[in-house]
Amino acid sequence: MTIQQNVSLKSFNTFGLDVKAARFAEINSLASLQACIKSGIKPILILGGGSNMLLTGDQQSLVVKNNLTGINVIKSFRNKVWVEAGGGENWHQFVGWAVQNGLGGVENLSLIPGTVGASPIQNIGAYGVELKDVFVRLKAVSLETGKTKTFRRHDCRFGYRDSVFKQEERGKWCITSVVFSLTRHQHRLNTSYGDIQKTLESNGVEKPGIADISRAVIQIRSSKLPDPAKIGNCGSFFKNPETSPAILQAILATHPQAPHYPLQNGQVKIPAGWLIEQCGWKGKRVGNTGCYEKQALVLVNYGGATGQEVKNLAYAIIESVHQKFGIELEPEVNLL
Ligand code: FAD
Ligand code: EPU
């Protein structure tokens, strides 16, 4: 393991922002992670696929790129298996491995960029499934002491795009592996969300299996989300906000078509993409950044943007949504 200096992070973040890391190391083993911690350089920033971070400037920390790999079945039950995957495994490739091996549970999470190790950080979710639905436990190394700790589901306090690792444990751990519970037969297929059923029908699939669902999700996502290899982005920039029924009623009075979903806690969720589009941002370009033409929730770098420009755009959007609807959008992306 070598610690390099002044390394460009442009190819390590999906916004394609050209910032530098004062110190940078890639880890392929637990020993090299321990060596980084023992170097005493602080703070340490763990980098996965860089697909959920907005780098607003050069990073003074020791940036550690997690390349810990390995996918192993560690327990077999009659209808399920526990699979342990290294934190540096590519998430979509892990999903592909599961689908190819006939293992169900993660097919709705196909094509989400990034790594296995980052998947619990914001409890990734898509098309009616969240990471917590298949999560068993994870191993993490303390960036302070170098000691390993196992976090079980209740320790992680998963919520919508949230976990303990975005709250009080933020920046304190390197997640080195995650154990998932996947089904071997009698998969619990989830086809009710969004356009999945419609896409399966147009693909001529009557009795879908996990591979059909994975394919449908890939098709839907590819049709509306920009490919970071072509246009820099981090997926949804904001979370979908929870709001009160009173605010919803006020919005419905002037916008009767406003989409909204009731939540179990009595609040309602209103898609941030709709709020942003209503404020006139969809497809709008500001300098080298903008709001994606097919999905208003996605901010993009058309090339040459700085993190600060993207941040300015994000705050202008927050301000205008607040003024028009009285709702405060919260970034989903980690601002660094
Ligand atoms: P990074 O961006 O590298 O890191 C994110 C944060 O986690 C940082 O704070 C980092 O320090 C920390 N971190 C990373 N790895 C570790 C680790 N091993 N241990 C401790 N801390 C760590 N997300 C969804 O939930 N659903 C979606 O449908 C979705 N769609 C997307 C579509 C596109 C086109 C893009 C670009 C992004 C999308 N995302 C989505 C967001 C993103 O893919 C996920 O948040 C993903 O889990 C980030 O993984 P990463 O490895 O790139 O994390
Ligand atoms: N909408 C608009 N205009 C837009 C975009 C969306 O009006 O430009 C409205 C429409 O009513 C649409 C609704 O918003 O029906 C929902 O849109 P979409 O199905 O595209 O999903 P989303 O709520 O924008 C969420 C996640 C995505 C996830 C998809 C599918 C968040 C913040 N985003 O997006 O996750 O892939 O659902 O489950 O929860 C991510 O987290 O990075 C991400 C991409």
Side-chain angles (χ1 to χ4, degrees), residues 9 12-15 27 33 43-55 61 63-68 86-92 108-131 138-141 143 160-161 163 165-166 169-178 193-196 217 220-241 257-261 269-278 281-283 291-298 300 329-336:
L9 295 176
F12 290 102
N13 73 97
T14 61
F15 257 124
I27 54 159
L33 172 60
I44 290 177
L45 171 68
I46 304 296
L47 173 67
S51 64
N52 208 25
M53 49 171 67
L54 178 67
L55 299 167
S61 41
V63 176
V64 173
K65 169 83 179 82
N66 181 356
N67 293 334
L68 301 170
E89 284 286 345
N90 174 280
W91 175 263
H92 179 62
N108 293 52
L109 302 176
S110 296
L111 211 61
I112 296 182
T115 53
V116 164
S119 64
I121 304 269
Q122 71 157 7
N123 179 27
I124 56 168
Y127 297 94
V129 173
E130 287 184 313
L131 185 276
L138 63 80
K139 273 190 206 141
V141 170
L143 298 176
Y160 164 62
R161 297 295 190 274
S163 78
F165 302 104
K166 280 189 94 174
E169 301 299 332
R170 179 187 281 268
K172 294 184 184 166
W173 301 91
C174 176
I175 296 174
T176 52
S177 66
V178 184
Y193 193 96
D195 288 339
I196 296 188
V217 168
I220 300 166
R221 294 180 66 96
S222 309
S223 72
K224 54 175 145 184
L225 290 169
D227 176 356
K230 295 181 185 141
I231 305 178
N233 78 94
C234 265
S236 302
F237 195 91
F238 304 98
K239 293 185 189 182
N240 284 325
Q257 310 298 333
H260 56 278
Y261 312 96
K269 198 169 260 197
I270 302 183
W274 182 84
L275 295 166
I276 297 168
E277 183 172 348
Q278 295 304 310
W281 289 103
K282 191 169 183 173
C291 197
Y292 192 53
E293 62 200 359
K294 296 185 197 163
Q295 227 302 1
L297 195 44
V298 179
V300 296
L329 292 182
E330 188 192 334
E332 175 200 293
V333 169
N334 298 280
L335 273 67
L336 292 162

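Atoms within a ligand are numbered from 1 in the order they appear, just like the ligands themselves. Atoms considered below: every heavy atom in the structure, side chains included; atoms not considered: hydrogens, waters and symmetry mates. Quick note: residue numbers are just sequence positions, from 1.
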Is any N or O atom of Y160, backbone or side chain, closer than 3.5 Å to an N or O atom of ligand 2? yes
Contact atoms of ligand 2, heavy-atom distance to N240 under 4.0 Å: 23 (O), 31 (C), 32 (C), 39 (O)
Please tell me if the side chains of L297 and N240 come closer than 4.5 Å, counting only heavy atoms from C-beta onward. yes
Report the nearest protein non-hydrogen atom to atom 40 (C) of ligand 2: residue, atom name, distance rounded to 0.1 Å. S236 OG, 3.2 Å
Enter the distance from C234:SG to L55:CG here, rounded to the nearest 0.5 Å. 8.0 Å
Any donor-acceptor N/O pair, N108 side chain to Y127 backbone, under 3.5 Å: yes
Which heavy atom of the protein is the closest neighbour of atom 35 (O) of ligand 2, given with residue, atom name and distance? R161 NH2, 2.9 Å
To the nearest 0.5 Å, what is the distance between CG (N52) and CZ (R161)? 9.0 Å
Any atoms of ligand 2 less than 4.0 Å from a non-hydrogen atom of K282? List them with their elements. 3 (N), 4 (C), 8 (O)
Atom 38 (O) of ligand 2: the protein heavy-atom neighbour that sits closest, reported with distance to 0.1 Å: Y127 N, 2.8 Å
Interatomic distance, L225 atom CG to Y292 atom OH [nearest 0.5 angstrom]: 8.0 Å
Would you say atom 27 (C) of ligand 2 has a protein heavy atom nearer than 4.0 Å? yes
Could you check whether any side-chain heavy atom of L47 comes within less than 4.5 Å of a side-chain heavy atom of K65, counting everything from C-beta outward? yes
Give a yes or no on whether atom 2 (C) of ligand 2 lies under 4.0 Å from any heavy atom of the protein. yes
Is any side-chain heavy atom of C174 less than 4.5 Å from a side-chain heavy atom of I44? no
Are side-chain heavy atoms of I124 and W91 found at a separation under 4.5 Å? yes
Min side-chain heavy-atom separation C291-I276 under 4.5 Å: yes
L111 side chain reached by V217 side chain, heavy atoms, under 4.5 Å: no
Would you check whether A296 has a nitrogen or oxygen atom less than 3.5 angstrom from a nitrogen or oxygen atom of ligand 2? yes
L45 CG to M53 CE distance, which is reported to the nearest 0.5 Å: 5.0 Å
Just to confirm my output: which protein heavy-atom neighbour is closest to atom 9 (C) of ligand 2, and how far is it? P271 CB, 3.9 Å
Dump the pairs for me: ligand 1 N or O, protein N or O, distance under 3.5 Å, to 0.1 Å.
from: ligand 1; atom 1: 2 (O); to: S51; atom 2: N; distance (Å): 3.0
from: ligand 1; atom 1: 2 (O); to: N52; atom 2: N; distance (Å): 2.8
from: ligand 1; atom 1: 3 (O); to: G48; atom 2: N; distance (Å): 2.8
from: ligand 1; atom 1: 3 (O); to: G49; atom 2: N; distance (Å): 3.4
from: ligand 1; atom 1: 3 (O); to: G50; atom 2: N; distance (Å): 2.9
from: ligand 1; atom 1: 11 (O); to: I46; atom 2: O; distance (Å): 2.6
from: ligand 1; atom 1: 18 (N); to: N66; atom 2: ND2; distance (Å): 3.3
from: ligand 1; atom 1: 18 (N); to: I175; atom 2: O; distance (Å): 3.0
from: ligand 1; atom 1: 19 (N); to: I175; atom 2: N; distance (Å): 2.7
from: ligand 1; atom 1: 23 (N); to: Q122; atom 2: NE2; distance (Å): 3.1
from: ligand 1; atom 1: 25 (O); to: Q122; atom 2: NE2; distance (Å): 3.1
from: ligand 1; atom 1: 25 (O); to: G125; atom 2: N; distance (Å): 3.1
from: ligand 1; atom 1: 25 (O); to: R161; atom 2: NE; distance (Å): 3.3
from: ligand 1; atom 1: 26 (N); to: G125; atom 2: O; distance (Å): 2.8
from: ligand 1; atom 1: 28 (O); to: G125; atom 2: O; distance (Å): 3.4
from: ligand 1; atom 1: 28 (O); to: R221; atom 2: NH1; distance (Å): 2.9
from: ligand 1; atom 1: 28 (O); to: R221; atom 2: NH2; distance (Å): 3.3
from: ligand 1; atom 1: 30 (N); to: R221; atom 2: NH2; distance (Å): 2.7
from: ligand 1; atom 1: 43 (O); to: S51; atom 2: OG; distance (Å): 3.0
from: ligand 1; atom 1: 43 (O); to: P113; atom 2: O; distance (Å): 2.9
from: ligand 1; atom 1: 45 (O); to: N52; atom 2: ND2; distance (Å): 3.2
from: ligand 1; atom 1: 45 (O); to: Q122; atom 2: NE2; distance (Å): 2.9
from: ligand 1; atom 1: 51 (O); to: G49; atom 2: N; distance (Å): 2.8
from: ligand 1; atom 1: 51 (O); to: T115; atom 2: N; distance (Å): 2.9
from: ligand 1; atom 1: 51 (O); to: T115; atom 2: OG1; distance (Å): 2.6
from: ligand 1; atom 1: 52 (O); to: G49; atom 2: N; distance (Å): 3.1
from: ligand 1; atom 1: 52 (O); to: G50; atom 2: N; distance (Å): 3.1
from: ligand 1; atom 1: 52 (O); to: S51; atom 2: N; distance (Å): 2.8
from: ligand 1; atom 1: 52 (O); to: S51; atom 2: OG; distance (Å): 2.6

Measure the CG-NZ distance between L329 and K239 for me, rounded to the nearest 0.5 Å. 11.5 Å
Around atom 41 (O) of ligand 2, find the nearest protein heavy atom and jot down its residue, atom name and distance. E332 OE1, 2.7 Å
shortest atom 19 (O) of ligand 2-to-protein heavy-atom contact is with K224 NZ, 3.5 Å
Identity and separation of the nearest protein heavy atom to atom 37 (O) of ligand 2: Y193 OH, 4.0 Å
Student check: side-chain heavy atoms of P331 and F237 closer than 4.5 Å: yes
Check whether any side-chain N or O of W274 sits under 3.5 Å from a backbone N or O of H260 as a donor-acceptor pair, and report yes or no. no
Considering F237, Y261, W281, W274, which one's heavy-atom position lies nearest to atom 15 (O) of ligand 2? Y261
Polar side-chain atom of K166 near backbone of E332 as donor-acceptor pair, under 3.5 Å: yes
Between the CD atom in Q122 and the CG atom in L131, the distance rounded to the nearest 0.5 Å is 9.5 Å
Relative to the heavy atoms of E277, which atoms of ligand 2 are at a distance of less than 4.0 Å? 2 (C), 3 (N), 4 (C), 7 (O), 8 (O)
Check each of Q295, Q122, K294 against atom 5 (C) of ligand 2 and report the one with the nearest heavy atom. Q295
Considering only heavy atoms of P259, which atoms of ligand 2 have at least one such atom less than 4.0 Å away? 11 (O)
Within the protein, is there a heavy atom lying under 4.0 Å from atom 12 (C) of ligand 2? no
Using a strict 4.0 Å cut-off to heavy atoms of R221, name the atoms of ligand 2 that fall inside it. 36 (O)
Counting each atom of ligand 2 from 1 as listed, which ones have a heavy atom of F238 under 4.0 Å away? 32 (C)
Ligand 2 to G235, heavy atom cutoff 4.0 Å, flagged ligand atoms 42 (O)
